[in-house]
Amino acid sequence: MEQTMELTTDQFIRDFEQTFNEQQQTLLQNATPTELFLALAHTIRQYYTPMWLERNESLSAHQEKIAYYFSIEFLPGRMLETNLLNLGILDVVKEGFQQLGLDFTEVKRAEHDMALGNGGLGRLAAAFMDSLATTGYAGFGNGLRYKYGLFKQRIVDGYQVELPDAWFGSLGNVWETRKDHDAVNVRFFGNVYMADAGEGKLKPVYSNAQVLRAVPYDVPQLGYKNGVVNNLRLWDVEIPEEYELNYPTIADRRRVEDITAVLYPDDSTEEGKKLRLMQEYFMTSAGLQTIVKSYLKMGLPLEKIYEKVSVHINDTHPAVAPAEFMRILIDDYGMEWDAAWNATTKVMSYTNHTILSEALEKWSTGLFSYVLPRVFQIIVEIDNRYMAQMGAQGADYARVENTRIVRNGQVHMAHLAIIGGHSVNGVAQIHTELLKEDTLRDFYALTPEKFNNKTNGIVQRRWTQIAAPVLSQTIDKWIGFEWRNDIHALRALNDVVDNPRAQNDFWEVKQLAKKRLADYIEETTGVHVSTDAIFDVQVKRLHAYKRQLLNVMHIIKLYWDIKDNPEGDFTPRVFIFGAKAAPGYHFAKSIIKVINELANLINNDPEIGDKLKVVFLENYRVSLAELIIPAANVSEQISLASKEASGTSNMKFMMTGAVTMATLDGANIEIRDEVGEENIVIFGMTKDEVYHHYETHDYNARYLYDTDPVLHRVINTFVDGTIPRCQSEGSEIFDALVTYNDEYFLLEDFQSYVAAQARVSALYRDRERWMHMSMMNIANSDKFTSDDTIRQYAEEIWHLSLPHVGRHRAA
């Protein structure tokens with residue numbers, strides 16, 4: 001049932017002016033965008049706070065089951081427009097600002113992106129928070145209140161430079177509410193021994209432990225026009241008053257504050273590893289402690305906590321959760337092991353986000369037992385009991401040994417999450433199959449019933465109504481408004497994909513989005529790009545397996561084609577990149593340098609002109625994605641088949657009318673299934689062909705380099721001085737591709753990729769055919785709504801039912 005706030009423009013203006021006058025001692029016309037943003041945000045808080053209170057009271061009164069989503073990252077971006085849209089008052093507020101003579105866009109830009117994540121993992125978590133509230137399910141987030149994001153990326157002389165991302169700034173987080181009454185203590189370090197507690201029981205005794213205070217800040221998550229408000233809880237660290245004397249210097253205190261200072265501290269040192277482990281445990285322990293306390297207020301038996309609580313482990317960062325939950329149940333509440341273990345495995349579930357075994361977290365037993373001594377004892381006990389249970393069941397010894405939690409001097413966190421829970425899911429059909437066949441095959445053989453797939457999704461509201469309002473209005477014009485509430489109604493657009501007038505409307509929408517992006521590119525980089533060119537976009541974390549380098553190799557090939565035949569008939573291209581490389585990932589940073597120097601070479605060559613441009617947009621983030629994605633003609637999703645778990649940018653590009661250039665990897669396969677082979681451009685090896693190379697060790701990059709003259713020339717460009725000022729980076733790339741045998745098979749896929757790109761150029765020249773493809777992508781993108789994904793999680797993993805939310809019941 002749709003429920004929109006009943007708010008007139010006049011009432012909003014009165015509310016806003018009153019709030020502004022209470023906060024600022026100046027005239028509206030003299031206020032800065034930041035001052036106006038703060039007043040607007042506080043006005044919005046007044047609107048949703050009664051709904052938030054009612055939601056919490058209703059969940060408590062009806063003792064509803066709640067799912068808690070534990071994630072090291074949440075990446076919502078700016079919240080202002082999302083909150084206004086979901087309240088149903090975005091147009092009212094824009095109209096109010098217009099009447100007041102204020103620039104809403106400037107005010108919107110005054111809000112910093114909430115930098116609580118890095119990329120797809122955090123964006124997915126934020127999407128799930130939005131969708132949980134929109135579908136009406138009781139699902140709350142649990143994460144960390146970072147003061148700084150991953151980093152703010154600047155490009156200096158072509159190099160990535162990392163600066164502190166002080167998103168918190170002087171404003172703080174205007175949407176949060178501190179909840180002191182839910183603060184808890186978290187222990188690290190020290191010694192733990194078991195003492196006699198009487199009646200044949202033992203209890204842990206701690207000495208010399210470091211005790212820190214975890215203080216929660218709650219950020220409301222609003223459902224779309226349904227009055228439902230869920231909660232995202234972010235934890236900050238403080239020193240308990242009774243332990244202040246243990247921290248006599250500023251340096252001592254800063255070491256504590258580092259726990260919630262920055263996402264993903266550099267773990268190339270032992271000190272960095274320790275800080276990461278402390279972050280992960282701090283967030284997990286604090287969340288679980290308050291969940292148990294909240295449950296006990298219902299007066300229900302602790303042994304049955306799984307009937308009212310689900311805890312979801314998003315990737316391996318919170319995977320200490322099963323062991324910590326056991327510690328709380330046994331040590332703090334005196335439960336027997338078997339009852340505690342039964343409750344734990346029914347409460348816990350886990351999403352795996354990678355098939356790269358090196359990306360599954362492992363900690364040395366020395367570090368883990370030093371930082372978390374009691375939790376380590378419990379993990380060893382879980383591991384021993386697991387071995388005994390599997391042995392009693394007659395399981396294959398080698399298989400059981402491969403799935404142990406403590407093995408070869410390491411604590412395997414994914415193994416703990418799988419053994420300690422009842423569900424393991426991948427995030428795309430091919431990804432889940434690869435988990436079963438490869439990365440987690442021994443677990444699948446032992447407990448196949450735990451495995452299931454939940455393909456990732458996106459919040460369509462942000463990527464259409466907020467990021468692409470003109471696109472949304474054009475969809476309204478051709479199929480009506482129903483799709484805004486039910487994205488599946490978007491399929492009605494299939495009926496007009498060949499209508500010339502509709503095609504022209506959607507072409508103009510894309511051209512307007514391209515003009516906005518072109519203006520931004522010129523403003524920020526000084527590079528002028530033509531909107532007549534194909535906007536070919538690859539924006540995502542920079543990693544070798546995502547193969548930005550294959551894109552670069554094709555650009556070099558086009559460069560030489562134009563230089564060899566300047567009067568040739570070329571379809572103009574603008575290649576747009578946005579990506580951050582992890583600070584310690586030298587190879588990825590070298591690729592960024594090469595992209596930027598290649599851009600300088602091409603963009604300043606008069607012989608090239610507007611036929612080819614290359615742009616690297618620094619500091620890629622959600623708000624920048626909202627500008628880039630609606631403007632893309634081509635969506636580059638070119639990871640080596642079998643390496644990308646799912647991807648979600650592919651879904652956003654699809655929904656806003658880009659044509660996908662794709663390998664058969666991740667969710668690209670499901671996109672192909674939705675739009676049909678003729679409306680996506682597929683190239684490259686299949687995952688079976690990739691695995692054949694792994695099994696036979698027959699791949700020979702040097703042979704390909706030596707025998708393909710086009711490829712030979714392209715690769716030599718990295719080292720022959722053509723690209724200026726990146727000799728060492730070019731040599732590093734040459735060695736990776738040729739000397740070290742091209743780990744991600746770019747050379748083998750190169751010809752197929754070039755042919756696919758030539759096909760794109762030909763298709764784009766046929767506007768009628770291209771617009772058919774573009775509109776087919778929009779029309780059939782509904783499969784990838786995170787609303788549907790979250791319903792699957794809620795029903796099939798967490799076993800939630802829609803709460804008794806009275807007049808706020810979700811549609």
Side-chain angles (χ1 to χ4, degrees), residues 155-161 527 536 538 540-564 573-582 585-605 607-608 611-616 618 636 638-640 683-684 699-757:
I155 302 300
V156 180
D157 293 330
Y159 291 103
Q160 170 177 294
V161 175
V527 177
D536 188 318
Q538 189 173 19
K540 53 184 72 247
R541 181 167 50 94
L542 212 146
H543 196 290
Y545 84 80
K546 294 179 185 287
R547 301 205 296 187
Q548 284 93 346
L549 194 50
L550 181 60
N551 193 345
V552 170
M553 289 164 60
H554 173 244
I555 293 169
I556 292 171
K557 193 260 183 194
L558 292 181
Y559 168 77
W560 285 122
D561 288 347
I562 297 171
K563 295 296 282 184
D564 291 343
R573 292 278 189 121
V574 178
F575 289 93
I576 298 165
F577 294 88
K580 290 181 179 180
Y585 193 176
H586 189 272
F587 184 67
K589 294 170 96 169
S590 293
I591 294 173
I592 289 176
K593 171 65 169 173
V594 167
I595 291 171
N596 282 297
E597 294 302 344
L598 182 63
N600 285 334
L601 171 70
I602 290 171
N603 298 341
N604 294 302
D605 188 331
E607 203 168 40
I608 301 294
K611 293 172 183 167
L612 184 61
K613 297 286 186 181
V614 180
V615 177
F616 188 101
E618 67 181 11
E636 296 277 351
I638 59 177
S639 54
L640 176 65
F683 77 97
Y699 186 66
N700 189 333
R702 183 165 287 278
Y703 174 79
L704 295 171
Y705 166 72
D706 287 338
T707 56
D708 182 337
V710 174
L711 191 56
H712 192 94
R713 186 186 193 188
V714 166
I715 293 174
N716 279 356
T717 304
F718 291 116
V719 291
D720 66 8
T722 300
I723 307 172
R725 305 194 313 160
C726 57
Q727 186 174 355
S728 64
E729 292 82 13
S731 295
E732 184 181 6
I733 288 169
F734 180 94
D735 285 343
L737 293 176
V738 180
T739 310
Y740 302 122
N741 207 35
D742 182 23
E743 181 181 3
Y744 295 107
F745 305 148
L746 284 77
L747 275 62
E748 177 152 342
D749 272 354
F750 178 73
Q751 283 190 353
S752 176
Y753 182 58
V754 168
Q757 288 283 20

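What you see is a predicted model; the values in this text were computed from it and never measured.
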(request) In sequence, state the C-alpha distance, the side-chain angles, and the governing distance for K589 and K580, and then conclude on side chain to side chain contact (heavy atoms under 4.5 Å, CB included). (result) CA-CA 8 Å; K589 294 170 96 169; K580 290 181 179 180; over 6 Å; no

(request) Before giving the answer on side chain to side chain contact (heavy atoms under 4.5 Å, CB included), spell out for I602 and I555 the whole-Å C-alpha distance, their side-chain angles and the decisive distance to 0.1 Å. (result) CA-CA 10 Å; I602 290 171; I555 293 169; 3.7 Å; yes

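- Residues M553 and L737 are in side-chain contact: their nearest non-hydrogen atoms beyond the backbone lie under 4.5 Å apart.
- Atom CG of L746 is separated from atom OH of Y545 by 14.0 Å, given to the nearest 0.5 angstrom.
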(request) Verify side chain to side chain contact (heavy atoms under 4.5 Å, CB included) between T717 and Y559, making sure each step is shown before the conclusion. (result) CA-CA 11 Å; T717 304; Y559 168 77; 5.8 Å; no

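- Here salt bridge (Lys or Arg N to Asp or Glu O under 4.0 Å) pairs that include residues 542-552, with residues two or more places apart or in two chains, are K546-E644, R547-D749.
- With rounding to the nearest 0.5 angstrom, the CG atom of N551 is 5.0 Å from the CD1 atom of I638.
- For the salt bridge (Lys or Arg N to Asp or Glu O under 4.0 Å) test, residues two or more places apart in sequence or in another chain that qualify with K593 are E597.
- The CG atom of L550 lies 13.5 Å from the CZ atom of F745; values are rounded to the nearest 0.5 Å.
- Once rounded to the nearest 0.5 Å, the distance linking CD of E748 with CG of L704 reads 6.5 Å.
- Between I723 and L598, the shortest heavy-atom contact is CG2-N, 3.8 Å.
- Taking Y585 as the reference, H543 meet the ring pair (Phe, Tyr, Trp, His ring centres under 6.0 Å) condition, with sequence neighbours excluded.
- Take D561 and apply the salt bridge (Lys or Arg N to Asp or Glu O under 4.0 Å) test, not counting sequence neighbours, and it matches K557.
- A donor-acceptor pair under 3.5 Å is formed between the side chain of N596 and the backbone N or O of I592.
- Looking at residues two or more places apart in sequence or on another chain, you find a salt bridge (Lys or Arg N to Asp or Glu O under 4.0 Å) between D564 and R713.
- Residues V574 and V614 have side chains not in contact (no heavy-atom distance under 4.5 Å, counting atoms from C-beta outward).
- Minimum heavy-atom separation, S752 to G684: OG-N, 2.9 Å.
- Here the closest non-hydrogen pair linking A701 and N741 is N-OD1, 2.8 Å.
- For residues 705-727, the set of pairs meeting the ring-ring contact (aromatic ring centres under 6.0 Å, His included) definition, not counting sequence neighbours, comprises Y705-H712, Y705-F734.
- For L612 against N603, the heavy-atom pair with the smallest separation is O-OD1, 4.3 Å.
- Interatomic distance, S728 OG to H586 NE2, rounded to the nearest 0.5 Å: 6.5 Å.
- Legend: residues meeting side chain to side chain contact (heavy atoms under 4.5 Å, CB included) with E618, ordered by chain and number and at least two apart, are Q153, R154, I155.
- Sorted by first and then second residue, the salt bridge (Lys or Arg N to Asp or Glu O under 4.0 Å) pairs involving residues 730-746 (not counting sequence neighbours) form an empty list.
- Smallest separation of non-hydrogen atoms from C726 and V594: SG-CG2, 4.2 Å.
- Partners of D605 by salt bridge (Lys or Arg N to Asp or Glu O under 4.0 Å), not counting sequence neighbours, listed by chain and number: K563.
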(message) Does Q757 form a side chain to side chain contact (heavy atoms under 4.5 Å, CB included) with D536? I'd like the steps, not just the answer.
(response) CA-CA 10 Å; Q757 288 283 20; D536 188 318; 3.5 Å; yes

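- Across all non-hydrogen atoms, the minimal contact from A579 to Q548 is CB-NE2, 4.3 Å.
- No side-chain donor-acceptor contact under 3.5 Å links T722 and W560.
- Evaluation of the ring pair (Phe, Tyr, Trp, His ring centres under 6.0 Å) rule for Y744 yields no partner, not counting sequence neighbours.
- Here the straight-line distance linking atom CD of Q538 with atom CD1 of I576 works out to 12.0 Å at 0.5 Å rounding.
- For F577, there are no ring pair (Phe, Tyr, Trp, His ring centres under 6.0 Å) partners, not counting sequence neighbours.
- Listed by chain and residue number, Y753 satisfy the ring pair (Phe, Tyr, Trp, His ring centres under 6.0 Å) test with F683 (two or more places apart in sequence, or in another chain).
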